[in-house]
Amino acid sequence: MTIWTDVLDLFYPRLCMVCSRTLVTSEAHICTFCYDELPRTGFNFQKENPTEKILWGRVPMEGAGSFLFFNKNGMTQQLLHHIKYRGRKELAEGLGRMYARELKHDLPDFKPDLIIPVPLHRRKENRRGYNQSLSFAEGLSEVLGVPLLPKAIKRRTHTATQTRKSRYLRWENVENVFTVEQPEALQGRHVAVVDDVITTGATLEACCKPLLEHDVRITIMTLALARG
Ligand SMILES: [Zn+2]
């Protein structure tokens, strides 16, 4: 593999997604310098961390954690830009693997039963070609050795009547937009619900609500935490 990677690198140099430096064979997506500088939250699933606090009183959970802080014009924003607008699916997977490797090192006992990514609005998924939360979850699943259940929750697509409703009413509707599709696989399990960015927590709250009706224990994992 390495010989081929070396040969390919000669003709198609891979560049760091943050600083555009040419990557060496052992580096994936991000150069060693930028990797060390990533704005990690470092709080894993510690109690009362900022990600958990966003969902306090809204989602009963085992814990919550985010890999990176999101700051405007910072590294995380750049990485998310590649993921969301430049189709860099493999970067989302790579970041999932990075987060999982660090968790595995810090918390060797952390092992949920299942990983479920928050489904993306179908129109957005079609435009982007993939769901970035699913790609991030794939990286997590691979390294943690925890099965992924990408179709356990379904996001309803907007109907014509919904599009005609006012913005306020549509916002109200997000509350009931997710439904559980595979209840038998979820009953009584410990599920890691995975999203790309947590901001107000409204989407994650809406996504977790139907899961809680099936006696599911929830851990929240996000790629980034946007600080308000
Ligand atoms: Zn770099």
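Counting starts at 1 for both ligands and their atoms, in listed order.
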Work out which heavy atom in [X] is nearest to a heavy atom in [Y]; give both atom names and the distance.
X      : Y      : answer
Ile218 : Met61  : O-CB, 3.2 Å
Glu181 : Lys154 : CG-CB, 3.5 Å
Leu15  : Ser20  : CD2-O, 3.6 Å

**Message:** Between Glu27 (side chain only) and Thr32 (backbone N and O only), is there a donor and an acceptor less than 3.5 Å apart?
**Reply:**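 Checking the backbone N and O of Thr32 against the side chain of Glu27, a donor-acceptor pair under 3.5 Å is found.
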**Prompt:** Near the Zn ion (ligand 1), which protein N/O/S atoms are found at less than 2.8 Å?
**Reply:**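 As for protein N, O or S atoms lying under 2.8 Å from the Zn ion (ligand 1), they are Cys16 SG, Cys19 SG, Cys31 SG, Cys34 SG.
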**Message:** My understanding is that only residues two or more places apart in sequence, or in another chain, count here; which of them pass side chain to side chain contact (heavy atoms under 4.5 Å, CB included) with Ala100?
**Reply:**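 By the side chain to side chain contact (heavy atoms under 4.5 Å, CB included) rule, Ala100 matches Leu140, Val143, Leu144.
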**Within 45° cone and under 6.0 Å: Arg21 NZ/CZ vs Tyr35 ring** =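 Relative to the ring axis of Tyr35, which defines the angle, Arg21 lies outside at least one limit.
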